[in-house]
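Take this structure, written in structure tokens, and hold onto it; I'll ask about it next.
By convention in this document, chain letters (A, B, ...) are assigned in the order of the sequence lines, proteins followed by strands, and residues within each chain are numbered from 1.
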Amino acid sequence: MMGGMKNAEIAEIFEEIADMLEFLGDNPFRIRAYRNAARALFDLEDPVEEVAKGGAEALEEIPGIGHDLALKILEYLETGKIRKHEELKAKVPRGVLEVMRVPGVGPKTAKLLYEKLGVDSLEAFRKALESGEVLKLPGFGERKRERLLKNLDLVEAASKRWPLGAVLYEARELLRLLKELPEVENAEIAGSARRYKETVGDLDFLAATREGAKVAEAFTKLAPVKAVYALGPGKATVYISPGIQVDLKIVPPESWGAGLQYFTGSKAHDIHLRRIAQQMGLKLNEYGVWRGEERIAGATEEEVYAALGMDWIPPPMREDLGEIELAQKHALPRLVTLEEIRGDLQVHSKWSDGKHTLEELARFAAEMGYEYLAVTDHSPAVRVAGGVPPEKMKERIAEIQRVNEKTGGKPYLIAGAEVDILPDGSLDYPDEVLAELELVLVSIHSRFSMDEETMTKRILRAIENPYVHVLAHPTARLIGKRAPVKADWEKIFARMKELGKAVEIDGYYDRMDLPDVLARRAREYGLMFTLSTDAHQKDHLRFMELAVGNAQRAWLGSEQVLNTRPLKALLDWAREVRKG
DNA sequence: GCCGTTTTCGGCCCGACTGTTTTCAGTCG
């Protein structure tokens, strides 16, 4: 079991403690310590209960966890509760924390609302705003009332985070319009989108210009902008449909690199860098690296990192998970790039639930500049997908061969299938059918909520089949819709390594499976990967970019990605796997 | 509450915008 439930559970409790301490006006540095610890646990690759076997001392090895919090973690693992958390819950009404999540409401305002007006829920907050009661409070005017009412609507309407692929292309369109403004010298999408995080809470844009006020104002008037939240000479916050927040930050051109570095984050990465700057007697902010009053770097990101004594770090790695130390030692791995990808290894055709014929797919692959493309239609168990019955497989393979003859194999269609892993771990095609296929993916499409032990056995049995090459979208999760299946990934990855089989990073935007944390773990086991889009229609092929982004977040190089290999080498690998 | 080639005590990342304040607090990223 990986990363795991307990890590997330305890992280959430620490976050809640931080929120409640903030409401109570506690020491801000203690609050930050709880938040740092929550993040550390959330990012921790090992299950915290494993670490805890080494006692409090082992837990204290985790950066951000000291003696006190180590004891609280042990307390939770033993009793399922943390006393401090329970005590705080008695003092802070649950609804107050929800009120604090409305933009513009922090701990001070929440406290005022609670103490003077008894606001202890979103409903009570709405009433106090609509009735005008809030105007009695110090620091409240009509403009603030309207603003908060609008933000309350947003909170109640908006789902908290969006899968990156659901907003990225809209963001790129907005970026194009921003770049067309005559005063803009440079502009880029920054933030978690630039780091290819699987979901984004908002979008961060950076622009370099000498005319900040002009650009900020023009930005708020671009076509996709539906509402303006804030507008100043250095910053604007707007909403684009539907309910997606976009922040624009503005810096002068000589600060472009420092601004891009700063607003790309992650927050943990930035704070670590600023601490290093401080230790070197320098200061790092969004305008540059400073020695006293003198700016010694800032025009490019490379320059900023160099001034801090390290190599430029690719954005997907910027999570403060050890990349800064590697950059200081000039030992960063070389990450796989989109240009190195020679073909897509999971695509569906009209033979199952895809929209296009084999011939059309070959044409699209050529347009993408691909050398090959694996056609991996479903097996029949996935009823809604109209899977290919076994008796039709010969006919299907013959058609694939016909298309290849017609195109001269440029690009080459690989005869594959995405074969369903049945509940008992057996496969949805007999071995004779699997043997005819050049590439066999296996994956789960039913009975997602088995217990961990049964699910682990199910997956192990499937990958043991000698004809199988790839475990596709291994966790079967759908972002925001379906939880990942529970399985002992440590055991599964270890066995896959022995068998020489590969795991997939499915870049389809609401799958993104393996997720980054598990992909990192699989890399540590030395597994090979395939990157794919799971495309069912032409415009899904663009999700390869997301798969590559996630691979970069897992620090993968091209040597670990099978579809960077030329066709012959890929097919050789597939044959080798079957020899065992 | 964490942490240590300035420190086991005394620090803890840094700046912008809003709305109300008439010099700044609160909030956010």
Next item on the list: Answer yes or no: is there a donor N or O on one side and an acceptor on the other, between the side chain of A:E98 and the main chain of A:R94, under 3.5 Å?
Entry: no
Check: Using a heavy-atom distance cut-off of less than 4.0 Å, which residues of residues 21-38 of chain A contact DNA chain B?
Finding: A:N27, A:F29, A:R30, A:R32, A:A33, A:Y34
Next item on the list: Classify the side-chain pair A:Y287/A:E254 by whether it contains a donor and acceptor separated by less than 3.5 Å.
Entry: no
Checklist line | Nearest to side-chain heavy atoms of A:D68, which nucleotide of B:dT18, B:dC2, B:dT27 | finding: B:dC2
Next item on the list: Among B:dC14, B:dT27, B:dT20, find the nucleotide with the atom closest to the side chain of A:R143.
Entry: B:dT20
Check: Starting at CG of A:L273 and ending at P of B:dG29, how long is that distance when rounded to a whole Å?
Finding: 21 Å
Next item on the list: May I ask which nucleotide in the shown strands pairs with B:dG10, Watson-Crick or G-U wobble, both distances under 3.5 Å?
Entry: B:dC3
Item checked: Proximity to the side chain of A:D204 - top-ranked nucleotide from B:dC2, B:dC17, B:dG29 -> B:dG29
Item checked: Distance under 6.0 Å and angle within 45° of ring axis: A:R147 vs A:Y229 -> yes
Note to self: Given B:dC17, B:dG29, B:dC14, identify the nucleotide with an atom nearest to the side chain of A:Q245.
What the structure shows: B:dG29
Note to self: What's A:P103 touching, base or sugar-phosphate or nothing? Going by heavy atoms closer than 4.0 Å.
What the structure shows: sugar-phosphate
Note to self: What contact category does A:E286 fall into here, base, sugar-phosphate, or nothing, at under 4.0 angstrom with non-hydrogen atoms?
What the structure shows: sugar-phosphate
Next item on the list: Return the nearest nucleotide to the side chain of A:Q278; candidates are B:dC2, B:dT18, B:dC14.
Entry: B:dC14
Margin query: Distance to the ring centre below 6.0 angstrom and angle to the axis at most 45 degrees; does that hold for A:R542 and A:Y169?
Written below: yes
Note to self: Quick check on DNA chain B: between A:A110 and A:K283, whose nearest nucleotide comes earlier from the 5' end?
What the structure shows: A:K283
Item checked: Whichever of A:A236 and A:V105 has its nearest DNA chain B nucleotide further upstream toward 5' -> A:A236
Check: Checking only heavy atoms, does the side chain of A:Y262 share a donor-acceptor pair with the base of B:dG15 at less than 3.5 Å?
Finding: no
Next item on the list: Name the closest nucleotide to the A:K267 side chain, picking from B:dG1, B:dG29, B:dC17.
Entry: B:dG29
Check: For A:E22, which of A:R32, A:R35, A:K111, A:K108 qualifies under side-chain hydrogen bond (donor to acceptor under 3.5 Å, both in side chains)?
Finding: A:R35
Notebook entry, point to check: Looking at A:F140, is A:K144 sitting on its ring face, NZ or CZ under 6.0 Å from the six-membered ring centre and within 45 degrees of the normal?
Noted result: yes
Notebook entry, point to check: Heavy-atom distance under 4.5 Å between the side chains of A:E198 and A:R553, does that happen here?
Noted result: no
Note to self: Using a heavy-atom cut-off of 4.0 Å across all strands, would you classify A:V102 as base, sugar-phosphate, or nothing?
What the structure shows: sugar-phosphate
